[in-house]
Amino acid sequence: TQLRLRLKSNFSAFGNLTLADLQELKWSLRQLIFIEIFRSSHLLNESTEQLMNLGERREKKVAQWKAAGKSVDKEERLEFERDYRTSFMTVVLKGLEQSRWPPSQVPFADPMDDLLHNKETLLDAVNHLLNTLFP
């Protein structure tokens, strides 16, 4: 609940954020959280720009698929989305490293895999950014 309150108090985009939203932590919310936090920091301007460019490229690709008027192969869509999410989180990881985020307490852990698949690690990263940017 503390994370929810901090997000709501620092960002107008999270005015209606519920505890259930944070517990479910859908991909769209993950994106929004990192974009809003990165936008708020002048230190992360380059990363913010990269995230926005990734989003634009994704939107263009989806628009192309829709304009083609035919069904896109499910595997192609899934692979594209997987690549997009990995690229997005790679930019996020670089931004986290700039803010001296401790990747994991487990030696030799893969922070990218943890950010993509472990909610606790992701929420820890969000908390770290909030503590760093909004002490």
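The shown structure was predicted, so the numbers you read here are calculated from the model rather than taken from an experiment. Residue indices begin at 1 and follow the sequence shown.
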Next on the checklist: Tell me if the CD atom of E76 is crowded by more than 12 foreign heavy atoms within 6.0 Å.
Outcome noted: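 Check passes, neighbour count above 12.
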Checklist entry - Taking everything shown except K119 itself, do over 12 heavy atoms lie less than 6.0 Å from its NZ? => result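 Yes, because the 6.0 Å sphere around NZ of K119 holds more than 12 heavy atoms from other groups.
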Checklist entry - Any donor and acceptor pair, going by atom type alone, linking the side chain of H117 with main-chain N or O of M112 inside 3.5 Å? => result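 No, the answer is negative, given that no donor and acceptor are paired below the 3.5 Å cut-off.
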Checklist entry - Is a side-chain donor or acceptor of T86 paired with a backbone partner of D83 at a separation under 3.5 angstrom? => result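 No, the answer is negative, given that no donor and acceptor are paired below the 3.5 Å cut-off.
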So which heavy atom on [X] is nearest to which on [Y], and how close?
X    : Y    : result
L44  : Q98  : CD2-OE1, 3.3 Å
Y84  : L54  : CE1-O, 3.6 Å
W101 : P111 : CZ3-CB, 4.0 Å
S47  : V91  : O-CG1, 3.4 Å
R30  : L25  : NE-O, 2.9 Å
L51  : I35  : CD1-CG1, 4.3 Å

Checklist entry - What residues, two or more places apart in sequence or in another chain, satisfy salt bridge (Lys or Arg N to Asp or Glu O under 4.0 Å) together with R39? => result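 For R39, the residues satisfying salt bridge (Lys or Arg N to Asp or Glu O under 4.0 Å) (neighbours in sequence not counted) are E36.
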Within a strict 4.5 Å, meaning less than it, do heavy atoms of the [X] and [Y] side chains meet?
X   : Y    : answer
S9  : F14  : no
L7  : L130 : yes
L93 : M89  : no
D73 : L78  : no

Checklist entry - Are I33 and M52 in one and the same hydrophobic cluster, where Ile, Leu, Val, Met, Phe, Trp and Tyr link if side-chain heavy atoms are under 4.5 Å apart? => result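 Yes, one cluster joins them.
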Checklist entry - Is L17 linked to F134 within one hydrophobic cluster, defined over Ile, Leu, Val, Met, Phe, Trp and Tyr using a side-chain heavy-atom separation of less than 4.5 Å? => result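 Same cluster.
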Working to the nearest 0.5 angstrom, can you tell me the gap between [X] [atom1] and [Y] [atom2]?
X    : Y   : atom1 : atom2 : value
L115 : L96 : CG    : CG    : 6.0 Å
N10  : S40 : CG    : OG    : 7.5 Å
L129 : S41 : CG    : OG    : 8.5 Å
L123 : Q23 : CG    : CD    : 10.0 Å

Item to check | side chain to side chain contact (heavy atoms under 4.5 Å, CB included) against S12, all qualifying residues, sequence neighbours excluded | outcome: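 With neighbours one apart ignored, the set is empty.
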Checklist entry - If you look only at pairs with a residue in residues 16-39, which of them pass as a ring-ring contact (aromatic ring centres under 6.0 Å, His included), with sequence neighbours excluded? => result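 ring-ring contact (aromatic ring centres under 6.0 Å, His included) check on residues 16-39 returns W27-F88.
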Checklist entry - Applying ring-ring contact (aromatic ring centres under 6.0 Å, His included), which residue pairs with at least one partner in residues 43-80 are found, sequence neighbours left out? => result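 For residues 43-80, and leaving out neighbouring residues, the ring-ring contact (aromatic ring centres under 6.0 Å, His included) pairs sorted by first residue read W65-F80.
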Next on the checklist: Show me the pairs that pass salt bridge (Lys or Arg N to Asp or Glu O under 4.0 Å) and involve residues 45-66, at least two apart or across chains.
Outcome noted: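 Pairs touching residues 45-66 that pass the test: R58-E81.
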Checklist entry - Going by the salt bridge (Lys or Arg N to Asp or Glu O under 4.0 Å) test, which pairs reach into residues 4-28, not counting sequence neighbours? => result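 Those involving residues 4-28 are E24-K26.
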